[in-house]
Amino acid sequence: MTSEAAFPANFLWGAATSAYQIEGQPLADGAGPSIWHRFAHTPGRVANGDTGDLACDHYRRFEEDVALMADLGLGAYRFSVAWGRVLPEGRGSVNAKGLDFYRRLVDALLERGIAPMITLYHWDLPAALHDRGGWLNPDSPAWFADYAQVLFRALDDRVPLWVTINEPWVVTVPGYLDGELAPGHRDPFEAPRVAHHLLLAHAEAVAAYRSLGGRHRIGLAVNLEPQHPASPTPENQAAARRRDAFINRWFLDPLYLGRYPAELATIFGAAWPEFADADLARIRSTSDSVLGGSLGTGCATDFIGVNYYSRGLVRADPNTQPLGAIRISPENAPRTTMGWEVYPPGLTETLLWIKEHYGNPPTYITENGAAFDDPPPADGLVPDPERVDYLRAHLRAAHAALEQGADLRGYFVWSLFDNFEWAQGYSQRFGLIRVDPPNQARILKASARFYQNVIRANGV
Ligand code: PNW
């Protein structure tokens with residue numbers, strides 16, 4: 001059967017997860033607690049009092065899970081390393097048992113011909129580092145680079161793709177400005193400093209990778225969403241431009257252009273610090289050789305990872321500070337159970353925007369997917385037609401960007417499993433595979449079969 005949208009021959013098809021969301025046993029084998037372990041065990045922070053204590057029990061069932069990935073035909077698997085399993089105190093001595101878990105996972109993947117993409121930081125900062133100021137501490141970029149080196153030394157011979165930090169914006173804004181995610185701070189004076197340290201942490205890790213002679217590719221994953229005014233009033237148009245600077249350009253402008261968007265100083269006012277020119281040069285230097293077109297050389301960030309879920313439909317709102325803008329959910333549009341509008345053309349727009357603004361760097365869609373209220377399984381399969389439609393439409397949108405010249409190298413579904421959806425606990429199901437934490441049975445959804453066919457046909 002010929003497919004309507006054929007992807008390039010070497011296109012990478014994957015699925016994604018993160019450590020705290022699926023592993024369970026967060027303190028096993030000498031691991032140190034993370035800020036997410038603490039946050040989830042603080043009453044009132046996570047829906048229904050859910051925690052990652054058991055999650056998908058992947059820490060014990062990883063072999064079975066890798067076999068499922070092989071059945072789906074995945075070419076790649078994106079997962080994150082729990083920093084506190086490897087370094088229980090966040091720095092200092094390595095916990096061999098924790099590191100060994102990731103060694104065995106990588107080996108199991110390679111035995112099945114699945115390429116590992118490792119995310120070094122997916123939000124689970126060791127609590128011991130948080131107690132030293134966490135991402136507010138100017139030493140935090142060095143802590144991160146030291147931790148990253150442990151992983152590079154142990155696994156770079158077998159790991160072709162590295163992501164330093166997942167969604168620095170989500171770490172910064174829900175973590176330190178709105179207080180919805182760990183560590184749950186609400187402080188406009190903290191957020192810009194945290195963001196700056198995350199960018200420096202990325203830069204230091206990339207520099208460490210190069211100086212160790214890293215042989216593969218390393219990038220940063222950002223959450224992006226095109227911002228459209230809810231109506232064409234001047235107020236809403238200005239609000240959409242502010243939100244574009246605030247979400248889409250906060251991290252990519254410094255990385256590729258060497259400066260923060262000017263809007264941020266206006267948005268944060270007195271809370272926006274002066275940042276040293278040397279820091280911005282350091283951050284930018286990590287993208288230089290990408291713009292020169294060569295990969296894996298110099299101090300380059302080799303690729304950008306894009307996590308795409310929806311667009312922002314933006315209305316000016318003076319009561320929402322410091323941004324003065326809110327995202328609204330359009331009444332008549334299809335929405336996921338997260339309340340996010342289903343808006344596939346935004347993925348094409350986002351990929352083309354990266355191409356135009358940042359010199360067409362190599363790009364992976366490191367997350368794309370949707371939460372729906374799946375019905376219970378029927379005849380051994382969960383019927384999830386809404387997720388199938390969501391994935392098909394977004395794959396076509398990605399293909400449209402490829403046709404228009406975007407340098408897209410691969411696509412990862414969020415997520416392989418229903419898992420611990422942060423502050424929403426287990427109430428949101430993003431998986432291709434159904435998991436209910438109490439009984440742990442893995443049950444395929446129709447979307448898993450759909451994706452298996454996409455991979456087989458290399459198209460949709
Ligand atoms: C991503 N937003 O988070 C994360 O990388 C995943 O761990 C998470 O499970 C997934 O998306 C689904 O939520 C996001 O507000 C959180 O725009 C919030 C936003 C985007 C992504």
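Counting starts at 1 for both ligands and their atoms, following the listed order. Only this structure's heavy atoms are used, side chains among them; waters, hydrogens and symmetry mates stay out. In this text, all values refer to a predicted model and were calculated from it rather than measured experimentally.
Close N/O approach between Glu367 and ligand 1 is found [any backbone or side-chain N/O within under 3.5 Å]. At under 3.5 Å, a nitrogen or oxygen of Asn166, whether backbone or side chain, sits near a nitrogen or oxygen of ligand 1. Considering backbone and side-chain atoms alike, Tyr309 places an N or O below 3.5 Å from some N or O of ligand 1. Considering both main-chain and side-chain atoms, Gln21 comes within under 3.5 Å of ligand 1 through a nitrogen or oxygen pair.
The nearest heavy-atom contact from the protein to atom 21 (C) of ligand 1 is Glu167 OE2, 3.4 Å. Considering only non-hydrogen protein atoms, atom 13 (O) of ligand 1 sits nearest to Glu421 OE2, 2.7 Å. If you check which protein heavy atom lies closest to atom 16 (C) of ligand 1, you get Val170 CG2, 4.0 Å.
Looking at Asp418 and Lys445, a side-chain N of the basic residue comes within less than 4.0 Å of a carboxylate O on the acidic one, giving a salt bridge. Checked for salt-bridge contact, Glu263 and Arg241 miss the test: no charged N lies under 4.0 Å from a carboxylate O.
Defined by atom type and a distance below 3.5 Å, a donor-acceptor pair is missing between the side-chain atoms of His394 and Tyr411. Asp407 and Thr363 form no side-chain donor-acceptor contact under 3.5 Å, judged by distance and modelled atom types alone. For the residue pair Arg78 and Asn166, a side-chain donor N or O sits within less than 3.5 Å of a side-chain acceptor on the partner.
Of all atoms in ligand 1, numbered sequentially from 1 with element shown, those under 4.0 Å from a heavy atom of Glu225 are 17 (O). For ligand 1, the atoms lying closer than 4.0 Å to a non-hydrogen atom of Phe430 are 12 (C), 13 (O).
Remark: aromatic rings of Tyr343 and His228 are close, center separation under 6.0 Å.
With a 4.0 Å heavy-atom cut-off, ligand 1 is reached by no atom of Phe420.
Each of Trp135, Phe251, Trp250 was evaluated against Pro168; a single residue qualifies, Phe251, per the side-chain contact (heavy atoms from CB on, under 4.5 Å) test.
His122 counts as a contact of ligand 1, since one of its heavy atoms falls under 4.0 Å from the ligand.
Figure legend: Arg249 and Tyr256 shown without cation-pi pairing, the cationic atom not lying both under 6.0 angstrom from the six-membered ring centre and within 45 degrees of its axis.
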